[in-house]
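Read through the structure below, which is laid out as structure tokens, and then see the notes.
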Amino acid sequence: MANFIAEQLSSHPIFQGLPFVTISDMIGCASEKTFSRGGTIFLEGENANNCFILLSGSVDLSIHTHNKGPIVIQSLNGGDVLGWSWLFSPFIWHFDALAKEKTNAIQLDGQCIRKKCKENPELGFELMNRFSKIIMERLNATRLQLVDMYGQPG
Amino acid sequence: MDNQVNTQGYYRPQLPMLPTVFRVVGKIKETHDTWTLELQNVDKTPLPSFHPGQFNMLYASGVGEIPISISGNFNSQDTLVHTIRDVGMVSHALCGLNTGDFVGVRGPFGTAWPMNKLERKNVIVVGGGIGLAPLRPAIYHLLNNRDDFERVAIAYGARGPEEILYPNQIMEWRSHLDLMVRVTVDAASASWQGQVGVVTTLIPRLNIDPANAAALVCGPEIMIRFAVRELLQFGLTPDDIWISMERNMKCGIGFCGHCQLGSKFICKDGPVFNFSEAEQFFKIKEL
Amino acid sequence: MELKVLQLDQLNDLIQVLIMDDYQLIGPKVKDGVISYDSIKSSSELPIGIIDHQSPGKYALQNIQSSRFFGYTVSPYSWKKYLYPPVQSLFKVNRNGKGISFEVTNDEPRYAFLGVRGCELNAIKIQDKIFLKGNYIDPNYKRRRELSMIIAVECFNTCETCFCDSVGSGPEIPDGADIVLTEIFEDGDHYFLARSETEKGQDIFNHLKLNDADDKHVLIKDAQLERVRTQLKRRVQTTGLKSNLMANPDHPRWDEVAERCLACSNCTMVCPTCFCMTVEDVNDLDGTTDRQMRWDSCFTSEFTYIHGGNTRESVKSRYRQWLTHKFASWQDQFDSLGCVGCGRCITWCPPGIDITEELEALSIPSNQYKKGE
């Protein structure tokens with residue numbers, strides 16, 4: 001079990017190149033999770049206690065609107081990381097996350113990881129660095145959505 | 001029209017500004033603002049052959065003329081296919097044409113997707129919005145000559161599910177086992193079963209070896225810039241990437257001056273450029 | 001061919017021979033306060049005794065009470081007006097019953113251009129490259145060009161705005177004229193030296209009884225040309241010009257010149273090499289449409305209009321397009337400069353922007369450039 005998690009974590013793009021000792025440091029905070037199709041992973045406003053390392057499947061991040069129902073703003077797939085609100089105070093989810101199909105993930109306990117990071121600044125730096133890169137990529141994608149490049153001209 | 005084609009097979013008419021009369025023989029509504037017109041030469045003479053990526057000047061008489069890329073199968077001997085988005089005065093007039101109406105056609109003009117340079121390579125086709133239209137003849141070529149190419153992927157992005165161009169055809173492409181088809185939209189309601197996110201996010205997830213890959217990119221200019229950046233990050237070199245540019249054009253033959261970008265005329269030096277050549281266009285604002 | 005002497009009264013003979021030969025003679029004459037290239041029937045219509053004063057944003061004619069025919073430098077109009085007219089009909093659209101057809105009507109103008117200057121002949125040769133030497137041929141330009149006859153006249157004067165020499169376009173007449181004339185006013189003698197350079201020119205000469213010129217005439221002619229050359233004060237430094245312009249799209253000078261530039265497009269209209277055009281439909285109430293080609297300018301905002309906006313919105317970008325095209329990208333496209341040094345764009349610029357001054361300022365490295373230099 002722990003071996004499976006260690007294997008999955010070290011082969012996941014986000015942890016690529018991390019020394020095995022650093023990864024094994026996180027194993028105590030990790031558990032396997034499976035979400036069935038349509039299953040809720042988290043909802044806007046809930047406490048953000050976890051991070052999900054997606055192994056397979058697909059997750060929609062959406063925002064609920066009063067007049068148009070949920071609007072999907074991003075799909076995440078196996079190989080992606082779901083959630084970074086657990087890293088930053090006030091640790092609240094900003095969107096809804098629902099499994100679009102059966103999705104396997106490794107769940108990292110946010111509190112546990114934050115504690116490990118405090119004890120092991122090297123791990124803290126690596127995680128911050130890697131999550132910042134994801135945030136940057138998502139921000140760039142969001143900006144591209146924002147310019148509405150296919151939109152009606154004029 | 002045979003005497004109007006020079007030795008390289010390119011269209012060189014005696015009267016390059018004089019259109020030929022075509023009749024609309026088919027009209028398909030693609031999205032809320034985009035139509036595909038099928039055109040046939042009124043006097044039934046064979047069409048000049050075209051290469052994927054080239055364009056025609058379409059003339060709505062009494063209104064004006066605009067460049068529209070050819071979006072049909074280049075093997076067709078008698079029917080020209082153009083997909084037009086209703087965004088301006090002339091495109092509005094063209095989209096308003098019905099079966100039986102007449103349109104003036106000049107062309108084909110411009111450079112083509114370098115299909116023979118892609119042989120024995122992995123090919124990534126990146127399209128955004130109506131940018132799929134100029135890529136479609138290239139996709140036909142890839143499918144018709146599938147054995148000449150290694151892995152082939154199509155990454156397509158649109159604003160929303162209802163704005164996806166050629167949805168039925170994309171479904172059909174998906175059924176090809178030797179073709180990777182990835183479609184994403186910028187935003188969607190929950191009823192959309194597909195991917196949400198900008199088209200650039202599809203690129204790093206393509207199961208393709210970038211070392212032997214080439215890419216054809218067409219879409220809004222912003223999308224081209226970001227898609228190219230992503231392709232470079234993915235491992236392609238500028239020499240591996242071709243893009244199709246768009247500018248105001250009044251003639252298509254390098255006389256009117258409108259489409260100049262630096263030393264290039266988009267109409268005759270393009271619209272398809274290798275990125276190593278086109279890179280300069282994006283370095284200077286308002287070039 | 002040999003240099004001949006064309007006596008003063010033979011100038012009108014030359015004009016009459018051309019008219020008899022079915023040429024429509026176009027030459028300089030005073031019209032609306034400027035030298036205009038217009039239809040001429042006799043040598044008496046030429047601007048006798050008239051010289052022009054041109055400086056940035058200024059133009060004036062002066063009668064110096066001389067019998068000289070070609071004392072001015074260049075007209076605001078160029079020969080482009082005839083070879084590449086401001087408005088040309090491309091075809092007419094006929095809608096008959098259920099059909100539509102496009103009908104081409106060709107005019108067959110047979111022009112003889114009298115008084116083409118060295119810079120102007122170079123400008124014609126530049127337009128030849130655009131319309132005749134590429135993959136596509138402009139059939140209307142080709143026909144006009146083939147039918148026309150060029151009678152070049154060497155400059156006797158320069159204006160403050162002239163800089164042909166420094167861009168390699170004058171004052172000498174390049175190849176390409178059918179006849180070259182030099183007006184000589186020496187020790188009270190007033191006559192022309194004439195040389196036919198083509199068969200077409202020789203055919204005209206055959207109708208005139210011209211005496212051979214001698215070595216003395218050659219010396220006089222050469223000396224006159226050299227005197228004109230030394231009068232040229234304005235210069236463009238062409239060495240390194242292209243690479244410098246291409247490398248400096250954000251030079252602070254562009255912002256400065258954009259503040260002065262009105263984007264009025266006068267410079268492009270008077271430029272003898274500018275070729276940009278647009279195509280428009282002119283619809284008649286009778287149901288026909290005339291599809292017309294019209295001069296256009298890269299200074300207009302809608303020039304780069306593309307669904308939803310213009311790709312060159314700022315005046316800075318439009319001025320930069322024009323100047324870099326003339327002196328840099330033109331070299332890549334047509335293997336020459338797009339400027340012949342005629343100075344028209346300087347004279348006819350309302351705020352008097354002087355391209356030679358702009359080019360000089362742009363040659364100062366950005367980081368050493370001080371505003372207003």
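Note that the structure is a prediction, hence the values are computed from the model and not measured. Numbers restart at 1 for each chain; the letters A, B, ... are given by sequence-line order, proteins then strands.
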Please confirm whether the backbone N or O of [Y] pairs with a side-chain atom of [X], one donor and one acceptor, at under 3.5 Å?
X      : Y      : result
C:N310 : C:R312 : no
C:N122 : C:S169 : yes
B:W113 : B:P134 : yes

Segment of [X] engaging chain B (4.5 angstrom heavy-atom cut-off):
X      : result
C:F334 : side chain
C:S329 : both
C:F91  : side chain
C:S314 : both
C:D250 : neither
C:I100 : both
C:V279 : both
C:R318 : neither
C:E313 : both

Pair C:W330 and C:F275, ring centroids less than 6.0 Å apart: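 Between C:W330 and C:F275, the centre distance is under 6.0 Å.
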Aromatic ring proximity, centroids under 6.0 angstrom, C:F131 and B:F255: yes
Select, from [options], the one with the greatest count of heavy-atom pairs under 4.5 Å involving chain B.
options                       : value
C:Q331, C:M277, C:E302        : C:M277
C:T289, C:T278, C:L90         : C:T278
C:R95, C:K142, C:K316, C:M293 : C:R95

Verdict with reasoning, C:D335 to C:K129, per salt bridge (Lys or Arg N to Asp or Glu O under 4.0 Å): CA-CA 9 Å; C:D335 205 25; C:K129 284 190 188 177; 5.3 Å; no
Polar side chain donor-acceptor pair, C:K326 to C:T273, under 3.5 angstrom: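 The answer is yes; a qualifying pair exists.
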Side-chain donor-acceptor contact under 3.5 Å, C:Y84 with C:D138: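 Side chains of C:Y84 and C:D138: no pair found under 3.5 Å.
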Parallel, tilted or perpendicular: rings of B:H258 and C:F303 (30°, 60°): parallel
pair B:L80-B:L47: side-chain heavy atoms closer than 4.5 Å: yes
Quick check on [X] against chain C: is it the side chain, the backbone, both or neither that has a heavy atom closer than 4.5 Å?
X      : answer
B:K283 : neither
B:Q280 : neither
B:E246 : both
B:V63  : backbone

Between B:L287, B:N248, B:V42, the one whose heavy-atom pairs under 4.5 Å with chain C are most numerous: B:N248
Lys/Arg-Asp/Glu bridge criterion (N-O < 4.0 Å) met for B:R247, B:E221: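 So B:R247 pairs with B:E221 through a salt bridge.
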